[in-house]
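Whatever order the structure lists ligands and atoms in, that order sets their numbers, starting from 1.
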Amino acid sequence: MEILKTKAKMQAWSAARKRQGKTICFVPTMGYLHAGHVSLLEKGKPLCDELVLSIFVNPTQFGPNEDLDAYPRDIDNDLALAEAAGTTAVFLPDNTEMYGENYQTRVALDHLPHHLCGKSRPVHFGGVATVVTKLFNIVMPDVAVFGKKDFQQLRVIRQLTEDLDFNIRIVGGDIVREPDGLAMSSRNAYLTPEQRKSALCLSQAIDIAKTQIAGGATDVIAIRDKMTDHINGFDHTAIDYIEFCDPVTLDEVETIGGQVVLALAVKVGKSRLIDNALIDPPQ
Ligand code: PAF
């Protein structure tokens with residue numbers, strides 16, 4: 001496994017592989033890898049000849065009062081997990097390598113960032129779109145794998161790939177959960193043992209909604225009220241949003257008439273946790 005710290009070295013590595021007729025699969029991350037990231041690497045491994053992981057805690061996707069400085073880091077463990085999953089190269093740039101002194105370009109989408117997480121994190125998706133565009137140009141992959149836990153991010157990436165004509169196949173990796181249902185996240189590391197118990201409210205609230213919808217409920221307000229009551233029954237929780245949306249436009253729906261994405265964000269202690277599910281109403 002090669003570790004490449006500069007854009008020039010990464011581009012040269014990818015260009016050399018392409019000249020040999022090899023295909024490249026890419027898994028971008030902010031590090032502090034867990035089983036969810038490993039599952040993305042495992043999903044990507046058989047899709048191409050080479051498997052590239054990037055680790056970069058991207059400052060432009062964090063707002064002024066967010067957890068950039070506290071974001072957990074453990075490079076040695078990341079590299080060990082990456083190697084065990086069959087990664088052939090790791091792109092590990094620092095901030096100056098990615099955003100030099102005179103950096104001034106941003107990638108912005110018109111609609112998708114104004115929904116869900118974008119409402120309370122106004123700079124987030126611009127930062128994600130910008131860094132992913134740069135990473136695509138640096139790594140030059142044929143396939144890129146992103147987790148479905150960040151449903152909105154996956155939609156943003158699919159949209160920018162189409163809009164900016166990247167010849168890259170975007171693959172979504174399933175959410176990986178702890179045995180009790182909590183979706184894996186690097187931010188789970190911030191939870192105290194007590195908050196860890198409260199963090200279960202997200203997946204449990206999704207289960208409540210699924211049961212309601214399977215039983216024929218279609219009124220979003222009524223379903224959301226049940227979810228809200230459940231989450232508010234846990235200590236240390238503050239709901240950011242619970243929304244039912246069209247899976248493509250992310251526009252909110254008021255009545256469940258077809259497939260919807262149920263997405264929610266809840267602050268548990270200091271950690272802002274997200275979870276989601278695609279739900280089909282009964283036929
Ligand atoms: O999902 C993440 O870890 C990040 O948002 C990404 C896609 C690596 C961009 O910084």
May I ask you to decide if Thr23's main-chain N or O and Asp142's side chain share a donor-acceptor pair within less than 3.5 Å?
-> no
Exceeds 12 heavy-atom contacts within 6.0 angstrom, atom NZ of Lys18 | yes
May I ask you to decide if the ring planes of Phe56 and Tyr99 are parallel, tilted or perpendicular, using 30° and 60° as cut-offs?
-> tilted
Can you list every pair where an N/O of ligand 1 is under 3.5 Å from an N/O on the protein?
unit_1: ligand 1; atom_1: 1 (O); unit_2: Gln153; atom_2: NE2; d: 2.8
unit_1: ligand 1; atom_1: 5 (O); unit_2: Gln61; atom_2: NE2; d: 2.9
unit_1: ligand 1; atom_1: 5 (O); unit_2: Gln153; atom_2: OE1; d: 2.7
unit_1: ligand 1; atom_1: 10 (O); unit_2: Gln61; atom_2: OE1; d: 2.6

Which residue, Cys48, Pro141, Ser14, forms the side-chain contact (heavy atoms from CB on, under 4.5 Å) with Phe26?
-> Pro141
Any donor-acceptor pair under 3.5 Å from Asn58 side chain to Val131 backbone = no
Just jot down the salt bridge (Lys or Arg N to Asp or Glu O under 4.0 Å) partners of Glu2, sequence neighbours excluded, or say none.
-> Arg17
